[in-house]
Amino acid sequence: MKYRAVRGMHDILPEESWKWQYLEEKIRTFAHRYGFREIRTPMLEYTEVFQRGVGEGTDIVEKEMYTFLDRGGRSLSLRPEGTAAVVRAYLEHNLGASGTPVKLYYIAPLFRYDRPQRGRYRQHHQFGAEILGTPDPAADAEVLSLPIRLMQDLGLREVEVHLNSVGDAACRPRYIAALREYFGRYLDELCPDCRRRYDVNPLRILDCKEERCHRLTREAPTIFPYLCQECRNHFEGVQEHLDWLGIRYTIDPFIVRGLDYYTRTAAEVYSGKLGAQNAMFGGGRYDGLASQLGGPPVPGVGFGMGIERLLLVLEEEGIALPREDGVDVFVATTGKTGHREAFQLLDQMRQAGLRADGDPSHRELRAQMKLANRLGARYAVILGEEELRLGMATVRNMASGDQERLPLEGLIEALRERIQKT
RNA sequence: GUGGCCGUAGCUCAAGGGUGGAGCGCCAGACUGUGGCUCUGGAGGUUGCGGGUUCAAGUCCCGUCGGCCACCCCA
């Protein structure tokens, strides 16, 4: 085979795509139920949108973006995450002008030049939602409740919600200084990566899974005593609202989101079924992002949820999604005659809104019935020579095997009644 | 980007350096007008690709591409 899909990118074949359709429909239903409206932004942005939005020093921007020059010499990037582009669009179209909050959601492909692994792809898809224009902790809790309720609705019971506050520009620097002071005493004991992190971003040491770093981390100062009063109040407010909804979460001082724009709330949800790539969704507040992008300050909070990972977890949990891509009716002939009648009948059925299919090759009846079975047809309509002579059709219920002869006149209505009954 | 494991039929997998197989799926017959179950037969492969070692390579070596695992990072 000469050509394959590009590394880390995948075809979604009919055996899978029906699951995507089901999930997407459920996601849209949920989002609309929560008052979110869809936004579709281009897959490409000027590279600066991500450099300034996500942050120059982040791994995403430093080494994971698909960046290239267009024919006019401008640097463009395939979007590696959703929020920066949404905020760019919000600012560009002044969406806040007609009142706040503005609640937006998207289902979109994202691109990161990572080394592919199960649950980690160079093109993946996220369902994300953002509430812009309000700093209120109720918005944090509301936007987080959406994916949590969605996962519960799908039957995922064992999701772990982790919650943290990463502070803001007023208090985070004090905490970072405290971390430097603490880890500075143990530099020799840190792994090489963490020695690097010590200089670049000591917060990241908290994420390290190396045993020796992890031990030190357990004794490290947490951010909580360093939070300013505003951040403290906000964090308590988020917890209070989640409590009101009965949503369980773990306060986890060690989650540090890898995008620079996060302030205050940081949340991640994991599933043990995913191996190392175990984050199902992540999100948080980003009150500084809009001004980073050159706009007025616009507070915002949101999340992004990986659809591939959601599907993987559903599979691991043995949760079957309802499949609805079968046909209602299969029109069969006896092979030699009735081609024209069958072709016309199919057309009429389709115009009448039935899902109908047939065998374009008019193989022998046995083969056609086999095809009807494989297509999941609920009824087979057999137009044999005898039936045609009588102006009738044989209608077979594929599940029960019961058959009856019905006049061609009014056949579609008769079928519709039988289909609706079951 | 680092380290490791693995690429054989559409799918899941066998084959100790010596003529590449099975199950499922597909097509057909048993059943000349009836699917699912059963039985029988058939089609389908330059063993990912390129090079090397050897009388001989799916098997050993190197490279490359791809998948997976861990790291990194994250969804």
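Lettering follows sequence order; numbering is per chain, from 1.
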Give [X] one of three labels, base, sugar-phosphate or nothing, depending on what nucleic acid heavy atoms sit under 4.0 Å from its own.
X      : answer
A:A399 : base
A:R118 : sugar-phosphate
A:E364 : sugar-phosphate
A:Q403 : base
A:I307 : nothing
A:F330 : nothing
A:G376 : nothing
A:G128 : nothing
A:E62  : nothing

Just the rounded figure in Å: distance from [atom2] of [N] to [atom1] of [X].
X      : N     : atom1 : atom2 : value
A:D11  : B:G67 : CG    : C1'   : 14 Å
A:R7   : B:U64 : CZ    : C1'   : 12 Å
A:Q368 : B:G33 : CD    : P     : 12 Å

Original post:
Within 45 degrees of the axis of the six-membered ring of A:F111 and under 6.0 Å from its centre: does A:R79 put its NZ or CZ there?
Top reply: no

So, [X] versus [Y], ring centres under 6.0 angstrom or not?
X      : Y      : answer
A:Y286 : A:Y261 : yes
A:Y249 : A:H162 : no
A:Y34  : A:Y105 : no

Is the distance from OP1 or OP2 of [N] to the nearest side-chain N or O of [X] less than 4.0 Å?
X      : N     : answer
A:R374 : B:C27 : yes
A:R115 : B:C72 : no
A:Q117 : B:A70 : yes
A:R366 : B:G35 : yes
A:R363 : B:C27 : yes

**OP:** Return the nucleotide paired to B:G63: Watson-Crick means purine N1 to pyrimidine N3 with N6-O4 or O6-N4, wobble means G-U with N1-O2 and O6-N3, both under 3.5 Å.
**Re:**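 Base-paired to B:C49.
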
Original post:
Partner of B:C72 by Watson-Crick or G-U wobble geometry, both contacts under 3.5 Å, or none?
Top reply: none

Original post:
Okay, side chain of A:R180, backbone of A:Y198: is any donor-acceptor separation there less than 3.5 Å?
Top reply: yes

